[in-house]
Each structure stands twice: as structure tokens, then as C-alpha cells.
Amino acid sequence: MAAISHIALTILASLLLASAAADEERKVYIVYMGDQTSSNCSTLDQHLGLLKEILVGCTPGESLVYSYTKSFNGFAAKLTISEAEKIAEMKGIVSVFASRMLKTRTTRSWDFLQFPQNVYRNIPLERDVIIGMLDTGIWPESESFSDEGFGPPPSKWRGVCVNFKCNNKVIGARYYNSVNDTTQEASPRDFEGHGTHTSSAAAGRGVPGASLYGLAGGTARGAVPSARIAVYKVCWSFGCADQDILAAFDDAIADGVDIISVSLGHFFPIDYFGDTIAIGAFHAMKNGVLTSASAGNNGPGHGTVSNIAPWMLVTAASSTDRRIIDRVRCAKPYCSRGWITVVEIETSELYVLVLIYRDCSQLDNEVVAGKIVLCNFISDVPFLAGAKGVVMMDDGTNLDTSYTWPAPAAVVSNSDGKKLAQYINKSKNAVANIHKSEAVYNPKAPVVATFSSRGPNIITPDILKPDISAPGVEILAAWSPLASVSGFTDDTRSVNYNIISGTSMACPHVTGAAAYVKSFHPNWSPAAIMSALITTAKPMNPSLNKDAELAYGAGQLNPVKAIDPGLIYDATARDYVQMLCDAGYNKSMIRIITGDERCCSASVGRSVRDLNYPSMAFHVKANEKFVGTFSRTVTNVGDNGCSKYAARIKADHRLNVVIYPKTLLFGRLFEKKEFTVTVSGGPLPVNSTASASITWSDGKHSVRSAMVVYTDFTD
Ligand SMILES: *[C@@H]1O[C@H](CO)[C@@H](O)[C@H](O)[C@H]1NC(C)=O
Ligand SMILES: *[C@@H]1O[C@H](CO)[C@@H](O)[C@H](O)[C@H]1NC(C)=O
Ligand SMILES: *[C@@H]1O[C@H](CO)[C@@H](O)[C@H](O)[C@H]1NC(C)=O
Ligand SMILES: *[C@@H]1O[C@H](CO)[C@@H](O)[C@H](O)[C@H]1NC(C)=O
Ligand SMILES: *[C@@H]1O[C@H](CO)[C@@H](O)[C@H](O)[C@H]1NC(C)=O
């Protein structure tokens with residue numbers, strides 16, 4: 001099957017998922033049992049014993065797919081629905097859910113973030129930072145992963161390389177293929193390009209002269225060229241299975257990675273303990289490992305962000321100041337210049353050809369061969385029918401991102417397309433040509449891409465997701481030479497660097513920046529690193545992003561500022577557990593997850609808004625007045641001596657934001673101070689977002705918390 005676009009692929013996959021299996025057929029279920037429990041027998045025996053009790057006509061050994069024993073407790077097994085139901089009722093089980101298939105969701109981007117190649121670095125510590133990439137694998141021969149000049153892996157490293165030759169840059173590589181994809185070799189090698197792309201965007205070495213057929217040329221690089229990469233291949237040609245993702249988290253945490261990057265996700269937000277990424281990230285966080293994830297490519301509708309746990313950092317995709325466009329030319333006055341938003345990667349331009357207008361849902365080769373076809377919607381049919389070139393009309397939602405097609409192609413607005421259609425009707429021999437793509441300056445950047453998934457957070461409405469934005473539009477990074485350039489299986493062009501778009505590309509920018517922060521502050525908690533990145537993000541323009549914080553979170557990633565944030569909003573596993581209690585989660589369930597008998601303290605008067613989170617979200621009822629508070633604690637990581645921070649508030653005129661106290665005095669490093677923010681106002685109609693920000697400043701550091709108050713949306 002040929003791809004319509006990277007975004008469309010996700011949609012197709014989720015439709016396939018919806019088909020349910022027959023009743024007594026065995027399917028893979030995940031059985032999540034929380035923290036490690038101490039018992040007399042080994043955890044594996046515990047799992048086998050549990051299976052033995054409920055299996056009918058199948059041995060535990062035949063049923064068990066994975067036993068998760070290293071970093072948390074749980075297993076994956078082939079069960080019938082009734083067997084799964086029996087397990088769900090047993091003692092010590094947090095959740096049982098059927099495995100789902102998840103989907104995977106670059107030179108100029110770092111300069112645009114004012115993060116130059118010669119940025120101040122802490123090289124000795126950067127060399128010790130290990131980034132775990134859960135993705136489609138890696139192409140280790142890429143220049144981006146050369147280990148020239150690298151010493152051996154840091155001594156803390158406990159990972160391995162399975163069916164794979166590692167080097168001192170790519171120091172670990174495992175693969176998880178429980179669904180037996182036989183179209184790819186049994187190894188961590190990348191046949192799709194996605195994992196190679198994300199790995200190099202996060203931690204690739206600088207490779208000068210990288211480009212896609214001369215497009216977007218420059219030095220391709222990650223944020224932390226000296227850091228190490230550990231590969232966990234969980235995605236195969238059909239997607240990424242839940243049980244494989246959880247197995248990779250279990251290993252990565254035990255292997256000793258510092259940061260986990262997951263550019264993949266479910267189509268819809270899922271409750272935390274039925275979501276393998278949220279479960280894995282929770283145990284990663286408990287072990288001091290930050291998980292960085294993509295928001296999803298299901299925008300621009302509200303509530304589409306699907307990685308939403310507060311213990312992980314979630315990134316939206318925005319544009320940079322460079323766009324890749326094509327131009328279409330035809331006779332004046334109908335069209336002197338057509339804006340093309342599709343990357344067309346022929347090395348030479350397509351010269352004047354006959355232009356025809358057709359219904360592109362079905363096309364014959366005789367009609368389109370040797371011609372440029374104008375379609376009134378995005379379609380891959382003309383490519384399959386053998387058109388020489390294609391111009392597609394779109395209502396605008398696909399105009400802000402370029403994609404690669406297997407033949408010269410362009411997407412124009414509906415109004416430009418109509419002009420072309422008129423020209424075809426009036427002229428006997430309409431002709432057009434499609435030029436080679438070019439890079440142009442994009443003065444509006446950064447703007448969140450249409451495809452980027454939006455908040456609010458459907459599961460915990462008062463936690464803002466996405467957290468932050470990073471470049472995810474037309475990113476050049478390393479590619480697997482065995483993968484298709486355009487995503488079309490019959491496109492045989494092979495490249496070492498490719499331009500693709502998605503929150504998948506934004507996520508590794510934040511992963512790399514988190515590694516950069518970690519190289520200066522190796523002992524900071526995951527929450528501290530998140531806070532540093534979120535509070536130093538550059539505010540984005542709400543007039544260009546109608547959903548404001550629900551689209552871009554705190555704003556655009558600013559790695560250089562993040563290494564010296566001044567104050568941080570820290571949090572421990574206990575704080576997140578308290579948040580779950582405040583959100584009304586079942587306490588006996590939370591007790592199993594955390595393995596901690598004390599669990600929650602009394603929740604009287606507390607709310608989710610009291611989690612010490614670096615941003616503030618408040619879901620209010622439409623057409624009613626509202627008042628809500630946020631309690632916060634900041635830790636001084638700026639100056640070791642006296643410092644005085646004063647609060648500055650900016651708020652939408654419909655909001656009244658009060659902070660107490662208004663100044664904070666610190667006498668030493670790591671001192672903590674509490675404050676409270678109260679927001680009131682209203683009534684606000686449905687479909688409202690109202691923004692504010694609270695910035696603590698000592699004259700040197702600006703510690704900004706984005707705030708958003710919103711009502712229900714009816715889209
Ligand atoms: C563990 O072993 C001890 C001694 O053999 C026994 O008394 C106890 O009941 C066992 N506990 C569990 C949870 O099986
Ligand atoms: C995959 O292959 C292994 C070994 O051949 C087999 O045990 C297992 O049942 C297969 N899994 C699936 C989902 O087909
Ligand atoms: C062009 O002509 C076709 C066939 O006569 C007609 O269906 C179509 O509406 C015309 N399009 C425009 C833009 O004039
Ligand atoms: C909480 O979960 C436990 C174990 O799953 C269950 O027995 C109990 O009924 C649940 N309590 C509530 C209030 O839902
Ligand atoms: C809210 O937005 C939706 C989608 O844009 C629209 O259909 C609806 O009419 C709006 N409701 C109000 C009250 O403005």
C-alpha cells in the first residue's frame with residue numbers, strides 16, 4: 001500500500017485496530033502489577049504460577065510473551081477474554097488490557113533555536129549521557145553515528161547489543177519482535193528511516209554538507225553530539241506493539257539510560273494504567289530517568305494530545321524559519337505563481353507538460369500518462385496511475401507542511417487550484433511545469449503545525465499538555481538507505497538524509513535538549529529537567545496559534561537558557577501519586593502501583609492543581625464564574641547566596657490572577673519557597689481559552705509558568 005502522507009498513515013492504522021477479534025481467540029494482553037514486589041519465588045515464577053491458575057487448554061510457557069521483572073512487575077501473555085477477566089479480578093493486579101498497536105508519529109532547526117554548533121558544552125559529562133531511543137531501530141553506518149574519537153561507554157552502562165555491531169556512539173541495541181514481523185531482519189537495524197532520523201536529531205554528530213538532493217543543505221546535527229545512543233527497536237512494518245514497548249522500558253531503565261525518547265503514541269489518550277508509555281515512563285521517573293514523548297499528529301482538533309502523564313515531557317511540533325516549497329507555473333493571468341507545500345525531490349525540475357483536471361478518486365494510465373494532473377483533493381491515485389506530475393488542492397490544513405511524493409507534486413490552496421481549473425477549461429492546450437523544490441524564509445515561525453495534536457488533556461484536565469514546542473516541520477536528519485524516501489513502497493530512491501515532519505521530529509529535539517541539561521546537572525530529577533526546559537521556553541504568539549497554550553504548551557524550546565533556569569519546580573514519585581489521589585484514582589490500585597503502603601495523604605482541600613508542575617491549567621465550567629488556586633514550591637538552583645525573586649503577572653483581561661507572596665528571598669542553593677496563585681473570573685462561553693503567565697525574576701533569570709484557563713470545546 002502506498003502512503004498518502006505520514007499523517008494519513010496513522011489514521012489508517014487506527015481504523016485497522018478497531019476490528020475486534022473473535023471471542024475465544026487468544027490475544028496478547030498486558031498484565032500490569034505495579035512496583036517490584038518482594039516474594040519468596042522469583043517474579044517469573046510468580047507470573048507463571050498466576051497463569052497456571054487460570055489457563056484452560058494452554059500451558060503457561062505457551063501463553064507467556066514477556067515477563068517484566070527488571071524495573072517493574074508485570075507480564076504479557078496470550079489469553080482469551082475470559083482468562084483475562086479472571087486475572088483482572090486477582091489480588092495484586094493493577095490493570096489488564098489488550099495489546100494495541102501504536103504508530104510512530106531537521107540542519108536549520110538547532111540554529112533557529114539559537115543553539116549554535118559551538119554552544120558552551122560540558123563535554124566530559126555529555127559523553128556520559130545515554131539516550132534510549134524506542135523507535136524503528138537505527139542505521140548504524142550513518143555518518144551521524146560514527147564513533148570516531150569516542151572512548152568506551154560510561155562504566156554505569158549495563159546494556160547489550162543483540163544481533164548487532166555496536167560502536168562507542170551507539171552503545172546498546174535490542175529488538176522486540178513479539179509479533180514476528182518477518183519482513184525485516186531479526187535485529188535492531190532500521191528499515192524504515194524513522195528511528196535513524198529521530199536518533200540523529202537528538203544526538204547525531206555534526207555532518208557537514210548533508211541535504212536531500214541539495215535541499216535544506218547544511219550541517220545535520222543533534223543537540224548532544226558527544227552523548228551515547230541506546231537503541232530499542234519496538235516498531236516494525238505494522239507498528240509498535242504495547243508488549244514490546246513495555247519490554248523496552250523494562251530493559252532501558254535497568255540498562256542505565258539517562259533519558260528515554262518515544263516518538264510514538266496511541267491514536268487517542270488512554271488512562272494512565274492502560275497506557276504502556278505512561279506505565280513505562282512512571283517507572284523510569286521513579287528510577288531518575290526522564291521520558292520525552294511526542295504529542296501526536298492528530299491535530300488540530302481539541303483533546304487530541306495522547307501522551308498526557310505529568311511524569312513525562314510532551315512536545316508539540318512547530319515550524320522553523322525555513323520552509324520547503326515548490327512553484328507551479330502556467331500561463332498568465334491565471335497563475336503566475338503557485339505555492340507548493342509538497343517537497344518535490346526530483347533533482348531537475350519538471351518542464352512544461354499538458355495539464356489536465358480530473359476526478360482523482362479513479363484514474364486510468366492512458367488518461368494521465370505523461371501529464372500533470374490537477375486534483376481537487378490530496379490523492380495518491382495519480383501517482384499509482386503513472387501521472388508524470390500532480391497538483392493537488394487542499395482547504396489549507398495541509399498547506400503548512402511539505403511531504404515527499406514519488407513524483408513531482410505540489411499542493412495549492414483551493415483558490416489557486418480553481419484558477420488553474422479555469423485556465424484548463426478556457427485554454428485548448430493547458431500546460432504547466434513544476435519546479436524543483438527550494439528553501440524559503442518563513443517569517444512567521446514558530447507556528448504550531450496543523451497536524452500537531454492539541455490539548456486539553458482529556459485524562460487530567462488541570463495538567464497542561466503538550467508541555468512545550470520544538471521544530472517538527474520539514475526536518476532534515478539521517479535516514480536508512482533501505483527505506484523509501486517518500487513512504488511509498490515502490491519509490492526506490494535511496495538517501496542518507498531525508499526531510500520529514502511530525503511531532504516525532506519535535507520530540508527528539510526536546511530529548512536532546514534534556515540530555516544537554518543533564519550534562520550540566522547530572523543529579524537533577526526528571527521533574528527538575530522538565531521544569532528547566534518548560535520555564536525557559538520562549539513564549540509563542542497566540543495570534544498565530546488560536547489554541548495558544550493548548551497548542552504550544554509553555555512555548556518554544558530554548559536549550560541554552562534551560563541549563564541555568566534559576567528556580568525549578570521539582571517533584572518526586574510521591575508527588576505524582578498524591579496527584580493521582582487528588583484526581584480520584586482508586587487508592588488500593590495506587591498502592592499496588594507504587595508498592596508503598598502509605599499511599600495518599602488525606603486529600604481534603606487539595607486538587608490536581610497542587611501538583612508542583614511548571615505550568616498551570618484550569619478547566620472551568622462554561623458560563624459560570626470561577627475561582628481556583630495553584631500551590632507551588634520552587635527550589636533555588638541559581639545563585640549560592642542571597643537572591644530576591646519578584647513575581648510578574650501577565651493575564652488575559654478576563655482573568656484576575658493574584659500571587660502570594662509577591663517576592664521570594666533565598667539565602668542559599670537548593671532552598672525551597674512556597675507560593676500560591678489564585679485565578680478568578682468568568683463567566684466564559686464554551687470554546688474559550690484565556691492565557692496568563694507568572695514569571696519569577698531576580699534580574700538575571702526569568703522563570704516563567706504559562707497558565708491557561710479554558711472551558712469545554714464543542715468540536
Ligand atoms: C515465604 O516462605 C516462608 C517460609 O518458607 C513462608 O512461611 C511464607 O508463607 C512464604 N510467603 C509467601 C508469600 O509465599
Ligand atoms: C512468534 O514466533 C515464535 C517462535 O517461532 C512463536 O513461539 C510465537 O508464538 C510467535 N508469535 C506470534 C504472535 O505469532
Ligand atoms: C471546467 O469544465 C468542466 C467540464 O465542462 C466543468 O465540470 C467544471 O466545473 C469547469 N471548472 C471550472 C473551474 O470552470
Ligand atoms: C479499587 O480497586 C480494587 C482492586 O482493583 C477494587 O477491589 C475496589 O473495589 C476498587 N474500589 C473502588 C472504590 O472502585
Ligand atoms: C464552538 O466551536 C465549534 C467548532 O468550531 C462550533 O461548531 C460551535 O458552534 C462553537 N460554539 C459556540 C457556542 O461558539
Side-chain angles (χ1 to χ4, degrees), residues 5 7-8 10-11 14-15 18 105 265-270 295-308 314 316-319 341 376-378 393-401 411 413-415 417-418 444 446-466 469 472-473 502-503 540-553 555 615-628 651-657 679-692 706-715:
S5 75
I7 295 168
T10 322
I11 297 166
S14 77
L15 290 177
R105 313 214 201 201
H266 291 283
F267 192 73
F268 297 110
I270 294 173
N297 296 345
N298 303 319
H302 290 106
T304 47
V305 57
S306 66
N307 281 319
I308 31 79
V314 176
S318 50
S319 53
T341 61
N376 60 1
F377 55 90
I378 306 266
M393 294 185 216
D394 191 75
D395 63 6
T397 58
N398 278 305
L399 283 173
D400 64 359
T401 307
V411 176
S413 66
N414 283 339
S415 64
K418 281 196 187 110
K444 279 190 188 162
V447 175
V448 177
T450 305
F451 65 73
S452 188
S453 291
R454 264 62 172 180
N457 181 338
I458 297 293
I459 304 294
T460 312
D462 286 357
I463 296 293
L464 179 62
K465 293 287 164 178
S469 293
V473 176
T503 52
M540 285 167 65
N541 187 345
S543 64
L544 298 174
N545 295 276
K546 77 175 175 63
D547 299 306
E549 285 77 14
L550 299 179
Y552 46 64
S615 59
M616 300 175 192
F618 189 17
H619 176 222
V620 301
K621 285 211 175 86
N623 308 316
E624 285 181 24
K625 284 188 180 301
F626 55 83
V627 56
D652 184 290
H653 67 275
R654 295 167 294 176
L655 302 178
N656 180 28
V657 181
V679 57
S680 56
L684 295 173
V686 295
N687 294 345
S688 298
T689 44
S691 302
M707 177 194 280
V708 63
V709 177
Y710 68 94
T711 59
D712 282 337
F713 298 95
T714 54
D715 60 344

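Residue numbers start at 1 and run along the sequence shown. Atoms within each ligand, like the ligands themselves, are counted from 1 in listed order. What's counted below: heavy atoms across the whole structure, side chains too, no hydrogens, waters or symmetry copies. Keep in mind the model is a prediction, meaning the values are calculated, not measured.
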protein heavy-atom neighbour closest to atom 13 (C) of ligand 5 works out as Val686 CG2, 3.2 Å
Within the distance-only criterion (no hydrogens, no angle test), does the side chain of Asn298 pair as donor or acceptor with the backbone N or O of Phe267 below 3.5 angstrom?
yes
Provide, to 0.1 Å, the distance between atom 8 (C) of ligand 5 and the closest protein heavy atom, together with that atom's residue and name.
Thr714 OG1, 3.6 Å
Do Thr714 and Asn687 pass the side chain to side chain contact (heavy atoms under 4.5 Å, CB included) test, and can you show the C-alpha distance, the side-chain angles, and the key distance before you say yes or no?
CA-CA 7 Å; Thr714 54; Asn687 294 345; 3.5 Å; yes
Please check if a non-hydrogen protein atom sits closer than 4.0 Å to atom 5 (O) of ligand 5.
no
Would you please classify the geometry between the Phe618 ring and the Phe626 ring as parallel, tilted or perpendicular, with 30° and 60° separating the classes?
perpendicular
Closest non-hydrogen protein atom to atom 1 (C) of ligand 5, residue and atom name please, with distance?
Asn687 ND2, 1.3 Å
When you compare the side chains of Asn297 and Thr503, does any donor N or O come within less than 3.5 Å of an acceptor on the partner?
yes
